[in-house]
S.K.: 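Questions regarding the structure given below will be posed in turn.
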Amino acid sequence: MADPLSTTGTAVGIVSLGLQVSQGLITYYSHFKAYDAEIAYLVRKSESLQGLLQALDAPLRKAEDGHGSVSAQVRNAILACEAGLKKLLAAVQTYGNLVIPATQDDKLRALKKRVLYPFKRSSLQDLSFTLEELVGNLQLALQILTV
């Protein structure tokens with residue numbers, strides 16, 4: 001995976017970072033859907049974020065290549081996502097190296113994660129709040145682009 005932090009700063013760079021981060025969240029947390037409704041909600045929000053970012057990607061690339069213009073309002077809505085995406089990126093880098101349990105050791109590690117889940121609940125709620133904030137900003141940007 002390319003260094004996503006080096007591409008931040010532009011709307012296209014932030015969308016690219018967001019796509020990488022949301023895919024990491026979906027990959028990691030989708031394996032834990034059965035644990036709790038909160039994780040299922042987190043996966044749905046990550047998928048929603050990814051869908052919005054994919055919808056914004058082409059129009060933004062076209063606009064930044066000089067074939068259109070991006071309003072300051074759209075740019076500001078997307079730039080407001082940068083800090084949240086960096087926060088989510090840190091979570092993906094921390095938890096993203098998921099191995100699907102195949103060996104006995106992998107199964108024990110997965111069981112340990114499941115047992116420790118209640119202690120990580122606040123970090124899940126924090127990620128959920130960040131995702132909701134990002135989705136709101138990106139929905140605004142997409143609405144402005146499609147008007």
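Computed over heavy atoms, backbone and side chain alike; hydrogens, waters and symmetry mates excluded.
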S.K.: Could you tell me which non-hydrogen atom of Gly84 sits nearest to which non-hydrogen atom of Thr130, and how far apart they are?
M.R.: O-CG2, 3.6 Å
S.K.: Considering all heavy atoms of both residues, which atom of Gly18 and which atom of Leu85 are nearest to each other, and what is their separation?
M.R.: CA-CD2, 3.5 Å
S.K.: On a heavy-atom basis, which atom in Ser22 and which in Ser46 lie closest, and how many Å separate them?
M.R.: CB-O, 3.7 Å
S.K.: Would you name the heavy atoms of Leu52 and Gln139 that are closest together and state the gap between them?
M.R.: CD1-CG, 3.6 Å
S.K.: Find the distance between CG (Leu49) and CD1 (Ile26) and round it off to the nearest 0.5 Å.
M.R.: 8.0 Å
S.K.: Grab the two heavy atoms, one from Lys45 and one from Val135, that are nearest each other, plus how far apart they are.
M.R.: O-CG2, 4.1 Å
S.K.: Kindly write out the residues that satisfy side-chain contact (heavy atoms from CB on, under 4.5 Å) with Glu133, not counting sequence neighbours, or none if the list is empty.
M.R.: Phe129
S.K.: Name the residue from Val74, Leu53, Ile78, Leu56 that meets the side-chain contact (heavy atoms from CB on, under 4.5 Å) definition with Leu142.
M.R.: Leu56
S.K.: Working to the nearest 0.5 angstrom, can you tell me the gap between Leu131 CG and Asp126 CG?
M.R.: 10.0 Å
S.K.: Quick one: CG on Leu140 to SG on Cys81, what's the gap to the nearest 0.5 Å?
M.R.: 9.5 Å
S.K.: Kindly indicate whether the side chain of Ser128, heavy atoms from C-beta on, has any atom under 4.5 Å from the side chain of Glu132.
M.R.: yes
